[in-house]
Amino acid sequence: MTNGPLIDPASAAEPPPTAFHAVRLSERDVSHLPVIWAGDVVVVGGGSAGSAAAVAAARHGASTLVIENGGFFGGTAAAVLDTMYGFFAPGTDQRVVGGIGWELASALLDVGSAILRGNTYGAGLGVTYEPEALKAEWDRLLVESGAQPLLHTRFTASVLDGTRMTAVVVLTRRGPFLVRAARFVDASGDADVAWAAGCTLEQPSASARVQPLTTTFRVGGVEQPASTAELHRLLQDAAASGAYRLPRREGSSHHTVLPGVFHTNLTRVAGIDPTNPWATTAAEIEGRSQTVEYIRFLRDRMPGYENSYLLSTSVWIGTRETRRLIGRYVLDRDDVVSARRFDDEIALCAAPIEDHDGGTATIWRYVATAEGEPPSGKTYGVPYRCLVPVEVDSLLVAGRSLSATHDAHASARSIAQCLSYGQAAGTAAALSVSAGVSPSEVNADDLRQALVADAVML
Ligand SMILES: Cc1cc2nc3c(=O)[nH]c(=O)nc-3n(C[C@H](O)[C@H](O)[C@H](O)COP(=O)(O)OP(=O)(O)OC[C@H]3O[C@@H](n4cnc5c(N)ncnc54)[C@H](O)[C@@H]3O)c2cc1C
């Protein structure tokens, strides 16, 4: 048995502070850099939000570039997960998200690359997909939309002229280049662009807790497994026996589109700041180490897993929460639990507050319910202002770094909602270019009308 982490993520060193002039640059600072692309809209990060933003902006006629650090589109949804939640209100089969998100899900469902899967512990009906099919579907949607994809390219600095963002610096294997655009969408998930531009953010710290990280893994050779309730009971017993190191004693191992292949959400690395590279390195190593322990437990103790084997660990450790924008509106817990609606809402959400920060278990709180009550099926709205920074013009922030408190974020971060925020940000960026106004001046009624015309449910 492993007695403890190889490197303890909680005691990772703190890197020296970043000099602001290294990431927030002026036009003078970058005059020596060659321009690799120039156009209307640049999206940084090609996850769920960024890919949807790029498709939306391109479909609305904007010349659009989407920059992604990895070698594929889909981000966390492709690298870590296999189920999109947030499309359906828990406790019902009522769908609350349409648009590009549902177009993507339907395309996967139609060809058998995805299935609808009920969830016994809270998030409601999910769309469980093959991650490889998801990557291929994003390739098709992006290329057909006319957006220009750019993979293996990392955003490193924001260029500002006063309060207006004019360019970003990206790093490729051929060195740094400048990318110019009229509008930028930060869909990095970690608010990298907004941080570099100097926007006000909620940053992970000792007082601002963030949710733990999880290395997911896939298991092959599973035959007629016992129930989730039984899994939880056996996890408790195994941990209590002292023979296994199992930090999380609930979570899931669920069937996938492929026979005999199960996808897990079991490991837990808590108490680190995911923007700290030393801590993230230790977390990756610890996530793999826990995987070995959970596999040992599953094979030893869980009926149906006797002959199972590890197929793969997630491409990277999954980050639920890092930096978040403090934008023109900050969505909060009260908005979620009271099912609040807004004049400028650009997305609907019925997902519960799902907080993994509570020790070995997960805390669920449903929209428009009291503590401990079952799902109501009600939705709240997410205002456009949650995507709009206060200090910087020509920038929008979409995806899991939207402007929301820790509690509200724990509800608003599902993939279906991130797809909606991306579609809204991409549409708003294109509309703001054609109207010649800044994103904060985009008329919310015009934006909502354009979204509804594109099958978004509001
Ligand atoms: C362990 C875990 C389990 C979860 N379970 C579920 C679930 O079952 N269902 C569900 O609906 N949601 C789940 N979530 C939440 C959900 O997956 C995320 O909130 C959502 O996928 C975030 O999408 P995004 O587009 O905002 O960010 P991401 O998908 O993280 O995309 C960000 C992209 O930006 C790229 N990037 C980052 N920085 C840079 C840079 N500097 N330059 C260039 N590119 C960059 C990254 O490579 C990445 O592709 C889970 C999250 C985690 C971590």
Side-chain angles (χ1 to χ4, degrees), residues 45-52 54-55 66 68 70-88 95 97-120 123-145 149 151 189 214-225 228 251-267 287 291 294-295 298 304-305 308-319 399 413-419 422:
S48 300
S51 300
V55 169
V66 53
E68 166 57 41
F72 55 87
F73 294 102
T76 299
V80 182
L81 303 175
D82 81 335
T83 301
M84 302 185 220
Y85 289 121
F87 279 116
F88 297 92
R95 188 157 57 79
V97 171
I100 293 168
W102 188 245
E103 187 184 336
L104 173 78
S106 306
L108 297 170
L109 287 164
D110 287 350
V111 297
S113 295
I115 48 173
L116 290 177
R117 188 173 62 82
N119 168 316
T120 50
L125 196 59
V127 178
T128 294
Y129 51 86
E130 256 313 289
E132 295 309 319
L134 180 78
K135 292 179 196 169
E137 194 51 34
W138 272 129
D139 288 344
R140 188 185 69 75
L141 281 168
L142 281 162
V143 172
E144 285 181 5
S145 74
L151 295 168
T214 292
T215 300
T216 62
F217 58 91
R218 296 194 120 198
V219 190
V222 180
E223 292 159 34
Q224 296 183 333
T228 303
S252 68
S253 176
H254 60 254
H255 68 269
T256 67
V257 179
L258 304 178
V261 175
F262 276 57
H263 188 102
T264 70
N265 187 334
L266 288 169
T267 74
T291 297
Y294 277 96
I295 284 282
L298 288 169
Y305 286 74
S308 67
Y309 45 88
L310 177 64
L311 278 175
S312 57
T313 52
S314 46
V315 178
W316 58 68
I317 192 166
T319 302
R413 69 188 172 87
S414 293
I415 294 169
Q417 276 65 41
C418 288
L419 289 159

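- Counting heavy atoms from C-beta on, the side chains of Leu108 and Glu130 never come closer than 4.5 Å.
- Of all heavy-atom pairs between Glu137 and Ala107, the closest is OE2-CB, 3.5 Å.
- Ser314 OG to Leu81 CG: the interatomic distance, rounded to the nearest 0.5 Å, is 8.5 Å.
- Ring geometry for Phe262 versus Tyr305: interplanar angle over 60°, hence perpendicular rather than tilted (30 to 60°).
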Q) Are Thr214 and Asn265 close enough, and set up right, to give a side chain to side chain contact (heavy atoms under 4.5 Å, CB included), and what steps lead you there? A) CA-CA 7 Å; Thr214 292; Asn265 187 334; 3.5 Å; yes
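- Looking at heavy atoms from C-beta onward, Leu419 lies in side-chain contact with Phe87 at the 4.5 angstrom threshold.
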Q. Which is it for Phe88 and Trp102 under the ring pair (Phe, Tyr, Trp, His ring centres under 6.0 Å) test, yes or no, and what are the steps along the way?
A. CA-CA 11 Å; Phe88 297 92; Trp102 188 245; 5.8 Å; yes
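- Formation of a donor-acceptor pair under 3.5 Å by the Gln417 side chain with backbone atoms of Gly86 is found in this model.
- We find the CE-OG distance between Met84 and Ser48 to be 7.0 Å, quoted to the nearest 0.5 Å.
- In this structure, Ala78 and Pro131 approach most closely via the heavy-atom pair O-CB, 3.6 Å.
- One finds the CZ atom of Phe73 at 12.0 Å from the CG atom of Leu134 (value rounded to the nearest 0.5 Å).
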Q. Passes side chain to side chain contact (heavy atoms under 4.5 Å, CB included), Leu141 versus Leu104? Steps please.
A. CA-CA 8 Å; Leu141 281 168; Leu104 173 78; 3.8 Å; yes
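- Here CG of Leu266 is found 6.5 Å from CG of Leu298. Values are rounded to the nearest 0.5 Å.
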(Q) Before you tell me yes or no, could you show the steps for Arg117 and Leu125 under side chain to side chain contact (heavy atoms under 4.5 Å, CB included), namely the whole-Å CA-CA distance, both residues' side-chain angles and the distance that decides it to 0.1 Å? (A) CA-CA 6 Å; Arg117 188 173 62 82; Leu125 196 59; 5.9 Å; no
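- Ser51 is listed as a side-chain neighbour of Leu142, based on a closest heavy-atom distance under 4.5 Å.
- A donor-acceptor pair under 3.5 Å is formed between the side chain of Tyr129 and the backbone N or O of Ala77.
- Of all heavy-atom pairs spanning Val219 and Ser308, the tightest one is CG1-CB, 3.4 Å.
- His255 places a side-chain heavy atom less than 4.5 Å from the side chain of Ile115.
- Heavy atoms only, all atoms of each residue included: Leu109 and Leu116 are closest at CD2-N, 4.0 Å.
- Interatomic distance, Trp316 CH2 to Thr216 OG1, rounded to the nearest 0.5 Å: 11.0 Å.
- Note on ring orientation: taking the six-membered ring where Trp is involved, the planes of His263 and His254 are parallel (angle under 30°, cut-offs 30° and 60°).
- Considering all non-hydrogen atoms of both residues, Ala54 and Val66 come closest at CB-CB, 3.8 Å.
- Across Ile295 and Phe217, no two heavy atoms sit closer than the pair CD1-CE1, 3.7 Å.
- Residues Thr83 and Val127 fail the side-chain proximity criterion, which asks for heavy atoms closer than 4.5 Å.
- With respect to the salt-bridge test (charged N to carboxylate O, under 4.0 angstrom), the residues Glu132 and Arg218 do not qualify.
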**Q.** Residues Trp138, Phe72; criterion side chain to side chain contact (heavy atoms under 4.5 Å, CB included); working and verdict
**A.** CA-CA 9 Å; Trp138 272 129; Phe72 55 87; over 6 Å; no
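- Distance check: Thr267 OG1 to Ile317 CD1 gives 6.0 Å after rounding to the nearest 0.5 Å.
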